[in-house]
Amino acid sequence: MPKEKTTKRATKGRTEKKKKDPNAPKRGLSAYMFFANEQRENVHKENPGISFGQVGKVLGERWKALNEKQRGPYEAKAAQDKKRYEDEKASYNAAAEDEESS
DNA sequence: GTCGTGATTGTTAAG
DNA sequence: CTTAACAATCACGAC
């Protein structure tokens, strides 16, 4: 039983990020973000005249429609982006430490 | 040592 | 300007 969704995250009141950290080390992007970056053109292209409602949905369906290999490059990017985040959080934790030191 | 949480990321499109 | 489905994430903190 893979704990599925945990935390009622049904797209309720999130967005606009609430700064709870001094430098807010935002995390890395997600594979979907990279995949969407490429598919958005392709999907919107195959579905000319459709709004995000359709695009966004079909987008997600196709996202999983890909095989592990196809998601590979996207996940790889996500992993790389995460590294980027590691840097921010590193700076953040260093800055926080410095601040604390002060 | 393990576990869950929250925060975040980006797309499109529109009122 | 913001929200909304769509999906992943995963580092952090807490006990």
Side-chain angles (χ1 to χ4, degrees):
Chain A
M1 280 177 203
K3 42 228 119 190
E4 265 140 55
K5 52 204 159 183
T6 21
T7 13
K8 57 188 179 74
R9 69 138 244 297
T11 44
K12 257 293 187 101
R14 129 196 179 287
T15 3
E16 222 212 86
K17 77 205 105 200
K18 286 172 140 90
K19 50 150 85 187
K20 71 178 192 39
D21 287 304
N23 0 96
K26 341 225 186 195
R27 36 163 316 82
L29 271 77
S30 197
Y32 195 88
M33 303 297 111
F34 312 99
F35 160 86
N37 259 278
E38 305 253 313
Q39 293 299 307
R40 99 201 131 162
E41 302 177 31
N42 184 63
V43 174
H44 193 235
K45 227 165 103 184
E46 299 201 311
N47 304 280
I50 66 170
S51 15
F52 135 69
Q54 281 49 255
V55 180
K57 274 177 147 180
V58 63
L59 229 166
E61 287 179 55
R62 317 247 307 173
W63 162 241
K64 287 180 182 162
L66 304 168
N67 303 322
E68 297 162 52
K69 286 178 67 158
Q70 285 74 95
R71 287 168 35 169
Y74 306 107
E75 290 182 331
K77 254 231 159 239
Q80 202 160 145
D81 179 280
K82 155 183 128 51
K83 282 193 193 149
R84 184 94 253 116
Y85 157 90
E86 279 187 57
D87 182 73
E88 334 169 1
K89 99 174 199 282
S91 224
Y92 149 75
N93 116 29
E97 196 187 301
D98 184 59
E99 198 186 322
E100 196 188 315
S101 188
S102 173

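Proteins come first, then strands; the chains are lettered A, B, ... in the order of their sequence lines, and each starts at number 1. Computed from a predicted model, the values in this text were never measured in an experiment.
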Taking for each residue the nucleotide of DNA chain C with the nearest heavy atom, is it A:Y85 or A:F52 whose nucleotide lies nearer the 5' end? A:F52
Can you work out whether A:R71 or A:K89 has the more 5'-proximal nearest nucleotide on DNA chain C? A:R71
Could you tell me, to 10°, how much the axis swings from one end of the helix from B:dG1-C:dC15 to B:dG15-C:dC1 to the other, five pairs per end? 60°
Residues of residues 31-44 of chain A with any non-hydrogen atom less than 4.0 angstrom from an atom of DNA chain C: list those, numerically ordered, please. A:Y32, A:M33
Where along residues 54-61 of chain A does a heavy atom come under 4.0 Å from DNA chain C, residue by residue in number order? A:G56, A:K57, A:G60
Value in whole Å for how far the [atom2] atom of [N] lies from [atom1] of [X]:
X	N	atom1	atom2	value
A:L29	C:dA11	CG	P	14 Å
A:K26	B:dG6	NZ	C1'	15 Å
A:E86	C:dT9	CD	C1'	12 Å
A:I50	B:dT11	CD1	C1'	12 Å
A:R84	C:dC10	CZ	C1'	17 Å
A:R62	C:dA8	CZ	C1'	19 Å

Return each pair, listed once, that meets salt bridge (Lys or Arg N to Asp or Glu O under 4.0 Å) where at least one residue sits in residues 40-65 of chain A; pairs must be two or more places apart or across chains. A:E46-A:R62
Pick the closest DNA chain B nucleotide for A:S51 and for A:A24 by heavy atoms, then say which residue is nearer the 5' end. A:A24
Proximal nucleotide (of C:dA7, B:dA13, C:dA11) relative to the A:K82 side chain: C:dA11
Of the candidates C:dC12, C:dA7, B:dA13, the side chain of A:S30 sits closest to C:dA7
Excluding A:F35, membership of its hydrophobic cluster (Ile, Leu, Val, Met, Phe, Trp, Tyr; side-chain heavy atoms within less than 4.5 Å) reads A:L29, A:Y32, A:M33, A:F34, A:V43, A:I50, A:V55, A:V58, A:L59, A:W63, A:L66, A:Y74
Using only side-chain N and O atoms of A:K64, determine if any of them is under 4.0 Å from OP1 or OP2 of C:dA7. yes
Which distance, rounded to the nearest 0.5 Å, do you find between the NZ of A:K77 and the OG of A:S30? 13.0 Å
Over all atoms of both residues, closest heavy-atom pair of A:P25 and A:E88: O-OE1, 2.9 Å
All heavy atoms of A:A78 vs all of A:A31, minimum pair found to be CB-N, 3.4 Å
Using a 6.0 Å cut-off, check whether atom CD of A:Q70 has over 12 heavy atoms from anything other than its own residue. yes
Which residues satisfy the salt bridge (charged side-chain N to carboxylate O under 4.0 Å, His left out) test with A:R27, sequence neighbours excluded? none
Donor-acceptor pair under 3.5 Å: do we get one between A:R27's side chain and the base of C:dT9? yes
Using a heavy-atom cut-off of 4.0 Å across all strands, would you classify A:E75 as base, sugar-phosphate, or nothing? sugar-phosphate
Determine the sole option in A:K89, A:K83, A:K82 for which the side chain to side chain donor-acceptor pair (under 3.5 Å) test with A:E86 is passed. A:K82
